[in-house]
Amino acid sequence: MSAVLRLLLHRLGISLIVLIGVSMLIFSIARIIPGDPARIALGPNATVEQITKLRGEMNLDAPLPVQYGFFLADISRGDLGTSLYTNRPVTQDIAQFLPATLELVFLAGAIMVAVGLPLGILAARYRGRWPDHFVRVLALLTVSAPGFVWAVILMLLFAFYLPLFPIAGRLSDIYEIERTTGFLTIDTLLAGNFAAFKDAVHHLILPAVALSLSGIGQAARLTRANMVETYDKPYIEMAQAYGFHPSRIARSYAFKPSLIPSLTIIGLDFAVMLGNAFLVEAVFAWPGLSRYGVAVILRKDLNAIMGTVLVIAVTFLIVNIIVDLLIAFLNPRIRYSTRGTS
Amino acid sequence: MIRTLRILAGNPLSLLGLLLVCLITLAAILAPWIAPFPTHNGAVVDFLNNNRPPSAQNWMGTDLVGRDIFSRILFAYQISLTLGVVVLAIATPIGTIIGLLAGYLGGWTEMILMRIVDVFLSIPPLVLAIAMMGVLEPTLTNAMLAVTAMWWPWYARLVYSIARGEREEGYVLAAEVIGAGATHIAFREILPNCLPAIITKMTLDMGFVIIIASSLSFLGLGVQPPTADLGSMVAEGARYLPDSWWLTIFPGLAILIAVFGFNLLGDGLRDVLGEDE
């Protein structure tokens, strides 16, 4: 069995434990709600008989561990219950809203890596000089405001004063695109409609930039710190003593070892972005999980709240497993090791 | 302490951070006396002067019911800073104790405690807080509770990683050899070595707690109107962009400046105390 496969199984095992913990946490949050979930579900005009009947259906009279057992059995079958807000299965609701959020978060993550890593490398190569100071201030500034503040500033500057980008939404009304995957950038290409594809990308850019800003700062700072640490290693000093060109040293010797710790943090940043998407989506009227999440929270729609949090936690765990595997592929010590990894 | 402050003052960016933090703290404490319109924190209406752009009388303009935005920002800083201090005062000791126990004792304690920490860390912090606020009533106390619940695991992980490294150090072994108890070693020997990292993180986290709290109230899940809060002020104003830009831009910049101050200061502290991520 290869080391990477063993790592994968190990990570899946840990994720499963964490997932059970997450389900317990979500279940406890749902149970601290003041009041009777059945009464909240049926509204103020429900009769006592109706409430008793629903309490029976929801297993609310069983002891808490038994209720948790039912909850776990349901979610393992992929049944997250019915939303009181839309009267549809929660899984169906989430399947409708999640792709819009993921599309936004993936692009924001790509922007974060594409801009943050080079900035960090730049800062490390010119340590103590002006590019370093510039990146430091920029990074501190971008992490200093919540996503909705950047969203409002970007919208004001680049949608109103300089009308370069659309103000809100995912696609202009003139396009009718069949939803296959829910990712509009993919659906428009599947439909072969390049004008609509351009339009969808155009709508994506401002929200994605707003979402990526705080991540860019963090990615740059961490890459810088790791690069600086790598630059102090003896093998870099030797390469410098040989008279290798600085850009060759940066590219071939310093970059890859520094990338590995950055990747771990990028995985964590992904989680932060999933949360911040709630804020950016609200500003840009983006029809994603946020709009659904906030709507169900204001209506105290328990099944939908629990389902939304669970799906976000699962998405985050999957991304982190992918990041771990990427690190394993990048790190020859893991790739070729015969011993187990922890 | 004096030495740390002197080095901090020598770095222009850290000095700027220190000044911003002091300025904002003073502004928040003195808000009832220095605000041009001290009554505008609550449910006051002045429809003769509503939705006015910045002027000599109202430096940052007035909101939709005629309240002075500058005064409201000063009062909103009170809420933000109180929330930050309370959350960190509760979350830091909890996280530190759990991290120390897991890191020093190891074995089953480590296994169980750190898996619990993993569970909390595997839900995006803001989503967890939003979910908790979803089932609780939106009040200041509950917002503090929700943010604290998601904050302690980060301290547990930080202290845990340091404590696990220190566990093998010679001085710990020396203390064990002369028969010191586990509590003594964890709190008297290992904890002092974690303090620089904890202090740095607390400074940076004041900024992040302000961000999370304003995010909650931006979504309508935090402090409720008519109490002034930076997040809800941005949310109210966002519907009137671009014409009434002062409704959103000034509260937004107020968040940015406060958090930027704490970040500059924390970053400077990290350099002085020699702590990296």
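Each chain gets a letter, A, B and so on, in the order the sequences are listed, and its residues count up from 1. As the structure is a prediction and not an experimental result, all values here were calculated from the model.
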Would you mind checking which part of A/V314 comes under 4.5 Å of any heavy atom in chain B, side chain (CB onward), backbone (N, CA, C, O), both or neither? neither
Heavy-atom proximity to chain A below 4.5 Å, by part of B/L13: side chain
If you tally heavy-atom pairs under 4.5 Å between each of A/F148, A/F270, A/F316 and chain B, the highest tally belongs to A/F148
Looking at every heavy atom in both B/V119 and A/V18, which two are closest together, and how far apart are they? CG2-O, 3.7 Å
Using non-hydrogen atoms only, which part of B/I255 is less than 4.5 Å away from chain A: side chain, backbone, both, or neither? both
Should A/V283 and B/F218 be marked as a side chain to side chain contact (heavy atoms under 4.5 Å, CB included) after you check the CA-CA gap, both sets of side-chain angles, and the distance that decides it? CA-CA 10 Å; A/V283 174; B/F218 172 78; 3.7 Å; yes
Just do the side chain to side chain contact (heavy atoms under 4.5 Å, CB included) check on A/L279 and B/L126 with the steps written out, would you? CA-CA 10 Å; A/L279 309 168; B/L126 185 60; 3.8 Å; yes
Non-hydrogen atoms of chain B under 4.5 Å away: do they reach the side chain of A/N276, the backbone, both or neither? both
Nearest non-hydrogen partners of B/V127 and A/G275, listed with the distance: CG2-CA, 3.7 Å
Given heavy-atom pairs under 4.5 angstrom as the criterion, report whether the side chain, backbone, both or neither of A/V296 touches chain B. neither
Can you tell which of B/L128, B/I116, B/T248, B/L219 has the highest number of heavy-atom pairs within less than 4.5 Å of chain A? B/L219
So which residue, A/L19, A/L25, A/L274, ends up with the most heavy-atom pairs under 4.5 Å with chain B? A/L25
Please identify, among B/P251, B/G237, B/G220, B/S215, the residue contributing the most non-hydrogen atom pairs under 4.5 Å to chain A. B/S215
For A/F278, is it the side chain, the backbone, both, or neither that has a heavy atom closer than 4.5 Å to a heavy atom of chain B? both
How about CZ on A/F134, more than 12 heavy atoms from neighbouring residues, nucleotides or ligands closer than 6.0 Å, or not? no
Please flag which part of B/S214 lies under 4.5 Å from any non-hydrogen atom of chain A: side chain, backbone, both or neither. both
Find the one option among A/V149, A/I20, A/L140 whose heavy-atom pairs under 4.5 Å with chain B are most numerous. A/L140
So which residue, B/L121, B/D267, B/L221, B/V234, ends up with the most heavy-atom pairs under 4.5 Å with chain A? B/D267
Please give me the minimum heavy-atom distance between A/S144 and B/V259, naming the atom from each residue. O-CB, 3.2 Å
Counting only non-hydrogen atoms closer than 4.5 Å, does B/F208 touch chain A with its backbone (N, CA, C, O), its side chain (CB onward), both, or neither? side chain
Does atom CZ of B/R167 have more than 12 heavy-atom neighbours from other groups under 6.0 Å away? yes
Calculate, to the nearest 0.5 Å, the distance between atoms CG and CG belonging to A/L141 and B/L256 respectively. 5.5 Å
Which atoms of B/I130 approach chain A - backbone, side chain, both or neither, heavy atom under 4.5 Å: both
